[in-house]
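Notes follow the structure.
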Amino acid sequence: KELLAKINPYRIWNAPLLRSLTGFVLFMATFWRFLFAPDLHTLEIAYESIFLSLQLLIGLALVAGFFPRFVSGIGLLLYLGAFFVFPFMDVIPYISLAGIFTYLLIMGDPTLPNVGGFFKAFEKVKEFLKRLEPHAPSILRISMGLALIIGGAYYKIYEPGYALEFVRTHYVNFLPDIGLNF
């Protein structure tokens, strides 16, 4: 309880950090022509410019803090839409993005000014999302855990070629450099 009391004042930074970092990753992935990640290379799909433009707009809006709930809803739809374009097993390891978008959709960003009057028609939606707020951290935590489990199982057991190629092309064994030879 003592630790929770100490970290509780910093909880307000959860949404802005998650929003900004996710937006930055989406923004950068657009210029590398990925939809979310390198596995989802868009040069191989039809309507590439639509997917990349939407990802770019979502990334910029999240970084700028422009209607994060609405933009996160669009991001969740973009993630779900990827299942129609890419193979299921290429998209599912990035379920953490679905969790991030869902978290931001539910929680919004309390550090941003409230523009509720602008969206009066969505007051019932906002009330519904308010009831879901206690579940948002669990949704995020579970999606992150699933991403680690699915990614680990898929890339290490089911399709080890990805991991072997990564190890072959990247210098990852740094232990001898620091004097640890096993």
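We use all heavy atoms of the structure for the numbers below, so side chains are in, but hydrogens, waters and symmetry mates are not.
- When all heavy atoms of G151 and P93 are compared, the closest pair comes out as CA-CB, 4.4 Å.
- Side chains of F36 and L78 form a contact here, defined as non-hydrogen atoms less than 4.5 Å apart.
- Within 6.0 Å of CZ on F83 lie more than 12 heavy atoms contributed by other residues, nucleotides or ligands.
- Checked options I74, L80, L76, I106; the residue passing with F101 is L76 (criterion: side-chain contact (heavy atoms from CB on, under 4.5 Å)).
- Between W32 and F34, the ring planes lie tilted relative to each other; the angle falls in the 30° to 60° range.
- Side-chain atoms of S143 come within 3.5 Å of backbone N or O of L140 as a donor-acceptor pair.
- Using a 4.5 Å cut-off between side-chain heavy atoms of Ile, Leu, Val, Met, Phe, Trp and Tyr, with links allowed through other members, L104 and M144 fall into the same hydrophobic cluster.
- Residues P9 and A5 come closest through the heavy atom pair CD-O, 3.5 Å.
- With values rounded to the nearest 0.5 angstrom, R141 atom CZ is found 10.5 Å from I139 atom CD1.
- Note that OH of Y79 is 7.5 Å distant from OG of S96, once rounded to the nearest 0.5 Å.
- Criterion: ILVMFWY side-chain heavy atoms under 4.5 Å apart, direct or through other members. Under it, L40 and M28 are not part of a common hydrophobic cluster.
- In the hydrophobic clustering of ILVMFWY residues, with side-chain heavy atoms under 4.5 Å counting as a link, V91 and Y154 come out together.
- Between E133 and K130, at least one side-chain nitrogen of the basic residue sits less than 4.0 Å from a carboxylate oxygen of the acidic one, meeting the salt-bridge criterion.
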Exercise. Between L97 and T22, does a side-chain contact (heavy atoms from CB on, under 4.5 Å) hold up when you go through it step by step?
Worked result: CA-CA 8 Å; L97 285 170; T22 302; 4.3 Å; yes
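- Contact annotation: the side chain of L132 never approaches that of L105 to less than 4.5 Å [non-hydrogen atoms, C-beta and beyond].
- Rounding to the nearest 0.5 angstrom, the gap separating the CD1 atom in I100 from the CD1 atom in I95 is 11.5 Å.
- Distance check, rounded to the nearest 0.5 Å: CZ of F27 to CG of L62 gives 12.5 Å.
- Going from atom CG of D109 over to atom OG of S20 covers 7.5 Å, rounded to the nearest 0.5 Å.
- Following chains of ILVMFWY side-chain contacts shorter than 4.5 Å, one cannot reach F67 starting from L17, and the two form parts of different hydrophobic clusters.
- For F84, there are no ring pair (Phe, Tyr, Trp, His ring centres under 6.0 Å) partners at least two apart in sequence or on another chain.
- The heavy-atom pair separating R19 from P68 by the smallest distance is CD-CB, 3.8 Å.
- Note on V63 and L35: separate hydrophobic clusters, where clusters join Ile, Leu, Val, Met, Phe, Trp and Tyr whose side-chain heavy atoms are under 4.5 Å apart, directly or indirectly.
- Checked options L54, I58, L56; the residue passing with T30 is L56 (criterion: side-chain contact (heavy atoms from CB on, under 4.5 Å)).
- Listed by chain and number, the residues in a salt bridge (Lys or Arg N to Asp or Glu O under 4.0 Å) with E159 amount to none (sequence neighbours excluded).
- In this structure, CD1 in I92 is found 5.0 Å from CD1 in I150, a value given to the nearest 0.5 Å.
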